Every structure is written in C-alpha cells, then in structure tokens.
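First up is the structure itself, then whatever we jot down about it.
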Amino acid sequence: MANEQKTWFVSKRSSDQATLLANINYACSHVDCQILQKGYPCFSPDSLRSHASIAMNLYYQCKGRNRWNCDFRDSGLIVKTDPSYSNCIYA
C-alpha cells in the first residue's frame with residue numbers, strides 16, 4: 001500500500017451546468033464542503049466546474065477512493081496529477 005499512487009476525482013470539462021450543480025448538492029450532502037464557501041481557499045474561482053471538482057473529490061476521498069464512489073453520471077474522471085492550486089489544496 002505504501003507505493004499506491006494518490007488519485008483525485010474532478011469534473012469533466014464537457015459536463016453541463018445542471019449536472020455539476022446536482023453533483024455539488026449530492027456530494028455536499030454527504031461530506032463537509034465548507035472549503036467552497038466565500039472566504040475559504042477553494043471559493044475562487046467561483047464557478048460550478050471548479051466547485052463541483054472540489055466537492056466530488058471530497059466525496060471520492062472520504063468514501064475511500066474507489067471507482068464506484070465516483071459515478072456522478074459519468075461527469076467526472078479520476079486523475080493522477082494533483083489538481084490543487086494556489087491555497088486550494090485538494091484532499
């Protein structure tokens with residue numbers, strides 16, 4: 001397990017706004033998404049795609065980083081490159 005590569009889950013660029021909003025609502029009903037609120041490091045950029053990626057990843061990480069924890073209607077993908085930026089650190 002020590003050599004297991006870290007993975008993250010982010011929204012696909014092709015995902016529509018309604019799906020992204022539904023993903024945020026679903027993920028944030030199961031995990032703490034406070035980091036997305038105004039004044040917190042991951043609020044900016046204030047976009048559905050950015051917020052959905054963070055919320056979906058929080059859910060994915062919290063549920064054990066399993067493929068089956070990231071269905072989200074095929075609107076996201078698992079990545080091996082850390083999507084963190086500025087002061088917004090992905091879990």
Side-chain angles (χ1 to χ4, degrees):
M1 283 295 214
N3 292 332
E4 183 180 333
Q5 183 170 359
K6 174 87 172 170
T7 56
W8 296 267
F9 191 76
V10 297
S11 62
K12 289 181 179 175
R13 292 188 185 275
S14 60
S15 300
D16 64 76
Q17 301 288 301
T19 300
L20 294 175
L21 183 57
N23 292 350
I24 292 168
N25 290 335
Y26 179 79
C28 292
S29 72
H30 295 328
V31 297
D32 181 6
C33 291
Q34 184 175 9
I35 196 167
L36 295 174
Q37 295 178 4
K38 192 171 188 170
Y40 285 83
C42 296
F43 176 75
S44 293
D46 183 11
S47 71
L48 280 177
R49 186 161 36 98
S50 176
H51 287 188
S53 288
I54 294 160
M56 292 160 66
N57 182 65
L58 286 168
Y59 182 86
Y60 171 70
Q61 300 296 331
C62 182
K63 298 299 181 179
R65 293 180 18 214
N66 301 302
R67 254 186 212 290
W68 57 85
N69 295 124
C70 57
D71 178 30
F72 290 104
R73 296 181 165 173
D74 195 33
S75 61
L77 53 104
I78 295 172
V79 298
K80 294 181 179 179
T81 303
D82 187 350
S84 299
Y85 58 90
S86 189
N87 290 328
C88 180
I89 306 304
Y90 276 61

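Note that the structure is a prediction, hence the values are computed from the model and not measured.
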Salt bridge (Lys or Arg N to Asp or Glu O under 4.0 Å) involving Asp74 - partner list, sequence neighbours excluded: Lys12
Ser53: partners by side-chain contact (heavy atoms from CB on, under 4.5 Å), with sequence neighbours left out: Val10, Ser11, Tyr90
Sub-3.5 Å donor-acceptor pair from the side chain of Ser15 to the main-chain atoms of Ser75, do we have one? yes
side-chain hydrogen bond (donor to acceptor under 3.5 Å, both in side chains) involving Thr19 - partner list, sequence neighbours excluded: Asp16
Any chain of hydrophobic side-chain contacts (each under 4.5 Å) joining Leu58 to Phe72? yes
Applying ring pair (Phe, Tyr, Trp, His ring centres under 6.0 Å), name anything that partners Tyr60, two or more places apart in sequence or on another chain. Phe9
Sorted by chain and number, sequence neighbours left out, side-chain hydrogen bond (donor to acceptor under 3.5 Å, both in side chains) with Ser84 holds for Asp82
Please work out which of the three classes, parallel, tilted or perpendicular, describes the rings of His30 and Tyr59, given edges at 30° and 60°. tilted
Check side-chain contact (heavy atoms from CB on, under 4.5 Å) between Asn66 and all other residues, then give those that pass, not counting sequence neighbours. Trp68, Asn69
In one Ile/Leu/Val/Met/Phe/Trp/Tyr side-chain cluster, 4.5 Å: Tyr85, Met56: yes
Results of side-chain hydrogen bond (donor to acceptor under 3.5 Å, both in side chains) for Tyr40 - residues two or more places apart only: Gln34
Trace of the side-chain contact (heavy atoms from CB on, under 4.5 Å) decision for Ile24 with Cys33: CA-CA 9 Å; Ile24 292 168; Cys33 291; 6.0 Å; no
What residues form a side-chain contact (heavy atoms from CB on, under 4.5 Å) with Asn25, not counting sequence neighbours? Leu21
Who are the side-chain contact (heavy atoms from CB on, under 4.5 Å) partners of Ser44, not counting sequence neighbours? none
Co-membership, hydrophobic cluster, residues Tyr26 and Ile78, 4.5 Å side-chain: yes
By ring pair (Phe, Tyr, Trp, His ring centres under 6.0 Å), Phe43 pairs with (sequence neighbours left out) His51
From CA spacing to verdict: side-chain contact (heavy atoms from CB on, under 4.5 Å), Cys28, Leu36: CA-CA 10 Å; Cys28 292; Leu36 295 174; 4.2 Å; yes
Contact list for residues 39-63, test salt bridge (charged side-chain N to carboxylate O under 4.0 Å, His left out), sequence neighbours left out: none
Tell me if a side-chain donor or acceptor on Trp8 pairs with a main-chain N or O of Ala91 at a distance below 3.5 Å. yes
